[in-house]
Amino acid sequence: MNKKIVHDALILTAFTLVLGFILGAVYGITKDPIEAASLAASQAAYQQVFADADSFEAYDGFDKEQAASTLDEAGYSDEITDVQVAKDSNGNDIGYVITVIAKDGSQANITFSVGIKNDGTVNGYSITDIAETPGLGMKAQDEDFYKQFENKQVDSFTVVKQAPASDNEIESISGATITSKAIANGVNACITYFQNDLQLEGGN
């Protein structure tokens with residue numbers, strides 16, 4: 001009986017080792033392509049919200065903890081995860097692309113990048129990760145909704161259910177008010193971060 005237990009344990013150990021080796025090999029094979037795809041998606045998002053930029057460079061002064069503190073003090077639960085400096089063809093800084101995780105979506109977190117020019121004008125946003133309800137919250141990716149944020153210089157956006165009466169008003173997606181507010185709050189968080197941690201410091 002004891003021999004059988006030992007035999008079975010050895011087989012199980014060998015199986016576990018082989019399985020671990022296979023998983024490690026698969027990870028090694030897929031790691032680089034996954035990272036490359038993620039980088040490509042990010043670059044596409046940056047370019048979408050900053051078409052005037054020739055290149056993007058990571059902002060040296062980005063402090064994730066400081067960003068979290070700034071947003072917390074302003075009452076936002078969102079999270080800034082990355083900041084890129086948008087540069088023109090001559091290498092001049094023309095603004096920033098701020099990536100934010102909006103944590104108050106109706107189904108899950110929504111990750112998107114927001115372009116903001118040096119003068120505080122919002123270029124717009126580009127979503128890189130969303131899992132909202134098809135036909136409702138997923139419409140946050142549609143031009144009819146996201147174009148409302150483009151080329152606006154405001155301190156914050158407010159979601160309304162009727163046609164907007166001013167630049168700071170965003171008409172909600174029908175049946176998806178929660179998603180609409182999550183996007184607006186995420187953009188507002190980026191504006192707040194820009195005004196407090198980027199604009200006041202003068203960037204790089």
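The structure displayed is predicted, hence computed values, not measured ones.
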**OP:** Apply side chain to side chain contact (heavy atoms under 4.5 Å, CB included) to Lys64 and Ile80, showing your working.
**Re:** CA-CA 7 Å; Lys64 195 171 183 178; Ile80 302 293; over 6 Å; no
Original post:
Of the options Asp78, Val114, Ile98, Ile170, which is the one that meets Val187 in a side-chain contact (heavy atoms from CB on, under 4.5 Å)?
Top reply: Val114
Subject >> Distance (rounded to the nearest 0.5 Å) between Tyr76 OH and Lys103 NZ >> reply: 15.5 Å
Subject >> side chain to side chain contact (heavy atoms under 4.5 Å, CB included) between Phe149 and Ile183, intermediate numbers included >> reply: CA-CA 10 Å; Phe149 293 86; Ile183 294 293; 3.9 Å; yes
Original post:
Any side-chain heavy-atom pair from Tyr193 and Val100 closer than 4.5 angstrom?
Top reply: no
Original post:
At what distance, to the nearest 0.5 angstrom, does CZ of Phe112 lie from CD1 of Ile110?
Top reply: 7.0 Å
**OP:** Kindly check if the number of other-residue, nucleotide or ligand heavy atoms within 6.0 Å of CG (Asp119) is above 12?
**Re:** yes
**OP:** Please indicate whether Gln162 has more than 12 foreign heavy atoms, meaning atoms of other residues, nucleotides or ligands, lying under 6.0 Å from its CD.
**Re:** yes
Original post:
So, Asn118 versus Asp93: side-chain donor-acceptor pair below 3.5 Å or not?
Top reply: no
Original post:
Shortest non-hydrogen contact from Phe56 to Val97?
Top reply: CE2-CG2, 3.8 Å
Subject >> Donor-acceptor under 3.5 Å (Asp72 side chain, Ala68 main chain) >> reply: no
**OP:** Give a yes or no on whether the backbone of Asp144 and the side-chain of Asp142 come within a donor-acceptor separation of less than 3.5 Å.
**Re:** no
Original post:
Is it the case that Asp82 and Tyr46 place a side-chain donor and acceptor less than 3.5 Å from each other?
Top reply: yes
Original post:
If we ignore angles and hydrogens, is there a donor and acceptor under 3.5 Å between the side chains of Ser113 and Thr99?
Top reply: yes
**OP:** Taking all non-hydrogen atoms of both residues into account, name the closest pair between Ala45 and Thr128 and its distance.
**Re:** CB-CG2, 3.7 Å
**OP:** Could you give me the CA-CA distance, side-chain angles and deciding distance for Phe50 and Gln84, then say whether side chain to side chain contact (heavy atoms under 4.5 Å, CB included) is met?
**Re:** CA-CA 11 Å; Phe50 232 115; Gln84 297 285 321; over 6 Å; no
Original post:
Would a hydrophobic clustering, with Ile, Leu, Val, Met, Phe, Trp and Tyr connected at side-chain separations under 4.5 Å, put Ile173 with Met138?
Top reply: yes
**OP:** Can you measure from SG (Cys190) to CG (Asn185) and round to the nearest 0.5 angstrom?
**Re:** 11.0 Å
Original post:
Within the distance-only criterion (no hydrogens, no angle test), does the side chain of Gln48 pair as donor or acceptor with the backbone N or O of Ala44 below 3.5 angstrom?
Top reply: no
Original post:
Once you round to the nearest 0.5 Å, how far does CD of Gln141 lie from OG of Ser126?
Top reply: 8.5 Å
Original post:
Has the side chain of Asn123 got a donor or acceptor atom that lies under 3.5 Å from a matching backbone atom of Val49?
Top reply: yes
**OP:** Drop me the distance from Ile178's CD1 to Ser106's OG, to the nearest 0.5 angstrom.
**Re:** 6.0 Å
Original post:
Given Asn109 and Glu79, is the side chain to side chain donor-acceptor pair (under 3.5 Å) satisfied, shown in steps?
Top reply: CA-CA 10 Å; Asn109 294 342; Glu79 179 184 355; over 6 Å; no
Original post:
Under 3.5 Å, is there a donor-acceptor pair linking the side chains of Asp197 and Thr70?
Top reply: yes
Subject >> Nearest heavy atoms of Lys161 and Thr177, plus distance in Å >> reply: CE-OG1, 4.1 Å
**OP:** State, to 0.1 Å, how close Asp167 and Phe157 come at their nearest heavy-atom pair, and which atoms those are.
**Re:** O-CE2, 3.6 Å
Original post:
Do you know the tightest heavy-atom contact between Ala140 and Ile130?
Top reply: CB-CD1, 4.3 Å
**OP:** Find the distance between CD1 (Ile94) and CG (Asp88) and round it off to the nearest 0.5 Å.
**Re:** 5.5 Å
Original post:
How about Ile101: does its CD1 atom have over 12 heavy atoms from other parts shown lying under 6.0 Å from it?
Top reply: yes
Original post:
Between Asn196 (side chain) and Thr192 (backbone), is there a donor-acceptor pair under 3.5 Å?
Top reply: yes
**OP:** Give the C-alpha distance, both sets of side-chain angles, the deciding distance and a yes or no for side chain to side chain contact (heavy atoms under 4.5 Å, CB included) between Glu143 and Phe145.
**Re:** CA-CA 5 Å; Glu143 184 179 1; Phe145 184 69; over 6 Å; no
Original post:
Taking all non-hydrogen atoms of both residues, which atom of Glu132 and which atom of Thr179 are closest, and how far apart?
Top reply: OE1-OG1, 2.6 Å
